[in-house]
Number of protein chains: 2
Amino acid sequence: MPERAPAPRPDAPHDGEADEVVTAVLTASRLLVAVSARSLASVEETLTLPQFRMLVVLSTRGPMNISRLGTHLDVIPSTAMRMVERLTGAGMLERELNPGNRREILIRLTAEGRRVVDAATDRRRAEIARIVGAMPPAHRTALVEALRAFSEAGDEPPVAEQAAPARTGTDMRW
Amino acid sequence: MPERAPAPRPDAPHDGEADEVVTAVLTASRLLVAVSARSLASVEETLTLPQFRMLVVLSTRGPMNISRLGTHLDVIPSTAMRMVERLTGAGMLERELNPGNRREILIRLTAEGRRVVDAATDRRRAEIARIVGAMPPAHRTALVEALRAFSEAGDEPPVAEQAAPARTGTDMRW
DNA sequence: CGGCATGTTTGCATTATGCAATACAAATCA
DNA sequence: TGATTTGTATTGCATAATGCAAACATGCCG
């Protein structure tokens, strides 16, 4: 392993307070992942997380071709291809020949696919809402603002070293 | 300890404020997962996320047998078995025959395995710290408290099977 | 038309996973 | 103590997710 020096290090290594924040974030992120997995499992036992992500992309962005679909999921076309085949076989997707361009094929959700997405999404939001509901109300508002600030701060393109698409063990990126 | 609702309603009401919180949480969670994937990829291209999780479990909980290891990762023994084989082949794990009980085998990290875990963990904490550092300081403290309340509200482990946190806190797992 | 770019498929290899069956070892029972 | 049951590890078999490279198909240009 190349001990490549990490480019971004704009902050002091061991600041007690910063450590506290980082730990809080990491802990919360673990909970969030667990919630997602649970919600999905409760709706569709046979659906994997990558498959669910594909349905979600099609649901929120509308029909698109295999390559673009793969791009949204950070996988190469061949992977997207096989996933589409499986989900088509499961009745959740359908392929539509694009009349204007015969080398592209539009992939779209079927009614069944949309049903699954909606059910899982509702379930996840409900689970998160349940957890939030168990928080002291004062913390709820603080959470919204703090998370917004956090998301905003993290939105910036990852400093340097963005070039590599970074090999994908990257599952569960709902 | 906050007044965590003893009987959380299984169905959450969809009032505007709750929706806001849920949306903020979902948005932040996407960012967190992306950060995790990036950090791992930047340290070890050949390591998958499940493999990394296995190393982390062994790092934070110490050596254990295949079955328990699988339990911590939510996979069945055969899956854990094969993962151990691969990671052993990669020089990150080693098997130790248990003298007191010949039907169990202890799996432990090698120095190389520990190095990988530490590097990836440091990298991830650094990335999060970078994001947090870009937040207004006032929001930082609010974030800690709010996330703690959130994690606590959602911490409903089936059993209390967590031993004392062996090392430097933060058993963030993946 | 001929080459280049864009998209889709296939072939091949590896990892992750679950289920079922097997092989041992330890514990329990009759 | 010998037979049965239980706990672990391991192997066989099957499917999904992935990447890379190569084979095709189609659209565009000069």
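Here is the naming used below: chain letters follow the sequence lines, and residue numbers restart at 1 for every chain. Computed from a prediction, not measured in an experiment: that's the story for all the values here.
Side chain of A/N65, nearest nucleotide from D/dT18, D/dA9, C/dG7: C/dG7. Of the candidates C/dT17, C/dT9, D/dA16, C/dT9 carries the atom nearest the A/P77 side chain, counting heavy atoms from C-beta on. Nearest nucleotide to the B/N101 side chain, out of C/dA26, C/dT8, C/dT17: C/dA26. Side-chain atoms of A/S78 lie closest to D/dA21 of the nucleotides C/dT17, D/dG12, D/dA21.
In this structure, B/E85 atom CD and C/dT17 atom P are separated by 14 Å, rounded to whole Å. In this structure, A/M81 atom CE and C/dG11 atom P are separated by 11 Å, rounded to whole Å. One interatomic measurement links the two molecules: CE of B/M83 to P of C/dA16, which rounds to 5 Å at whole-angstrom precision. The CG-C1' distance, from A/L47 to D/dT15, rounds to 14 Å in whole Å. Rounded to an integer number of Å, the gap from CG of A/L73 to P of D/dG19 is 10 Å. Whole-Å rounding puts the B/M64 CE to D/dT8 P distance at 14 Å. Nucleotide C/dT8 holds its P atom 12 Å from the CG atom of A/L97, rounded to whole Å.
For a distance-only test at 3.5 Å, the side chain of A/R95 fails to qualify as a donor-acceptor partner of the base of C/dG7. Counting atom types as modelled, A/R82 pairs a side-chain N or O with a base atom of C/dG11 as donor and acceptor under 3.5 Å. Remark: the A/R103 side chain and the C/dT8 base include no donor-acceptor N/O pair separated by less than 3.5 Å.
Between A/R130 and A/E127, at least one side-chain N (NZ, or NE/NH1/NH2) sits under 4.0 Å from a carboxylate O, which counts as a salt bridge. Using a 4.0 Å cut-off between charged nitrogen and carboxylate oxygen, A/R148 and B/E20 count as a salt-bridge pair.
Comparing A/R102 and A/T79 by the nucleotide of DNA chain D whose heavy atom lies nearest to each, the residue mapping closer to the 5' end is A/T79.
Base engagement by B/I76 is indicated by at least one non-hydrogen atom pair under 4.0 Å involving a base atom. Counting any heavy atom pair closer than 4.0 Å across all strands shown, A/T48 reaches sugar-phosphate atoms only and no base atom. Within the 4.0 angstrom heavy-atom criterion, no nucleotide atom of any strand lies near B/R68. In this structure, B/S67 reaches the sugar-phosphate backbone alone: every heavy-atom distance under 4.0 Å involves primed, P, OP1 or OP2 atoms, never a base.
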Pair A/R82, A/E85 - check salt bridge (Lys or Arg N to Asp or Glu O under 4.0 Å), show working.
CA-CA 5 Å; A/R82 269 106 177 189; A/E85 283 172 357; 5.3 Å; no
Derivation and outcome, side chain to side chain donor-acceptor pair (under 3.5 Å), residues A/T110 and A/R115
CA-CA 9 Å; A/T110 61; A/R115 188 194 65 71; over 6 Å; no
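Regarding contacts with the backbone of C/dT15, every side-chain N or O of B/Q51 stays at 4.0 angstrom or more from both OP1 and OP2. Taking side-chain N and O atoms only, A/R53 has no distance below 4.0 Å to OP1 or OP2 of D/dA17.
Taking CG of B/L58 as the start and CE of B/M64 as the end, the distance is 5.5 Å to the nearest 0.5 Å. Between B/N65 atom CG and B/R95 atom CZ the span is 12.0 Å, to the nearest 0.5 Å.
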